[in-house]
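What follows is a set of notes on a single structure, which appears directly below.
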Amino acid sequence: QVQLVESGGGLVQPGGSLRLSCAASGSIFSISVMAWYRQTGGKQRELVASIISGGSVDYADSVKGRFTISRHNTRNTVYLQMSSLKPEDTAVYYCNVRNTVVAGTTFREYDYWGQGIQVTVSS
């Protein structure tokens, strides 16, 4: 099992910044993908940003140029730096990691989720 601990959420005014962190611990073999998702009300959870072990990143169009995802591989931690925040960024943000376990010539992937952290952008 892998445990995820998120931190850094809260209330911020429009135009402000926040930095989310997510630290993974437990039975980690190799974390191939780390990502942030968000969810509001009854909507489907959406991908905000992802980063693979090699460093390639991907962002939702709605956050490009404003959010930056990064990871510290030896600490198994992923960050989401959010700037120029808008009220529509208000959501519960979830950390997601993919643990790839290799056994001989085969491998299996396991996805884990954090408990979610509230981000509210409001004046």
Main-chain N/O of [Y] paired to [X] side chain as donor or acceptor, under 3.5 Å:
X	Y	value
Asn96	Met34	no
Tyr59	Ile69	yes
Arg66	Ser84	yes
Asn76	Ala23	no

Please report the closest heavy-atom contact between [X] and [Y], naming both atoms and the distance.
X	Y	result
Leu20	Gly9	CD2-N, 3.6 Å
Gln118	Val92	OE1-CG2, 3.3 Å
Ser27	Val2	O-CG2, 3.8 Å

Determine, stepwise, if the pair Cys22 / Trp36 fulfils side chain to side chain contact (heavy atoms under 4.5 Å, CB included).
CA-CA 9 Å; Cys22 173; Trp36 289 95; 3.6 Å; yes

Do [X] and [Y] share a hydrophobic cluster, counting only Ile, Leu, Val, Met, Phe, Trp and Tyr and linking them when any side-chain heavy atoms are less than 4.5 Å apart?
X	Y	answer
Tyr37	Leu18	no
Tyr93	Leu11	no
Val63	Leu47	no
Val102	Val33	no

So, do [X] and [Y] sit near enough that their side-chain heavy atoms are less than 4.5 Å apart?
X	Y	answer
Ser17	Gln81	yes
Pro87	Pro14	yes
Met82	Val119	yes
Gln39	Glu46	no
Phe67	Val57	no
Leu4	Val97	yes
Arg38	Asp89	yes

Decide side chain to side chain contact (heavy atoms under 4.5 Å, CB included) for Val48 and Leu80; before the verdict, give the C-alpha distance in whole Å, the side-chain angles of both, and the deciding distance to 0.1 Å.
CA-CA 9 Å; Val48 176; Leu80 185 68; 4.2 Å; yes

Could you walk me through whether Tyr112 and Gln1 pass the side chain to side chain contact (heavy atoms under 4.5 Å, CB included) test, one step at a time?
CA-CA 9 Å; Tyr112 296 91; Gln1 288 291 322; 3.7 Å; yes

Mind telling me whether Trp113 and Tyr94 have parallel, tilted or perpendicular rings, with 30° and 60° as the class edges?
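Perpendicular.
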
We want to know whether Thr90 and Glu88 form a side-chain donor-acceptor pair, criterion being a heavy-atom distance below 3.5 angstrom.
no

Are Asn73 and Arg75 linked by a side-chain donor-acceptor pair shorter than 3.5 Å?
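Their side chains do not contain a donor-acceptor pair, so the 3.5 Å distance test is not met.
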
Under the side chain to side chain contact (heavy atoms under 4.5 Å, CB included) rule, what do Val78 and Ile51 come out as? Steps first, then yes or no, please.
CA-CA 9 Å; Val78 62; Ile51 183 168; 4.2 Å; yes

Distance in Å, Ser53 OG paired with Arg98 CZ, rounded so as to fall on 0.5 Å steps:
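With rounding to 0.5 Å, OG (Ser53) is 12.0 Å from CZ (Arg98).
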
To the closest 0.5 Å, what do you measure between OG1 (Thr100) and CZ (Phe107)?
7.0 Å

Decide whether a cation-pi geometry holds between Arg19 and Tyr79; the criteria are a distance under 6.0 Å from NZ or CZ to the six-membered ring centre and an angle within 45° of the ring axis.
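Positive - Arg19 is close enough to the ring of Tyr79 and near enough to its axis.
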
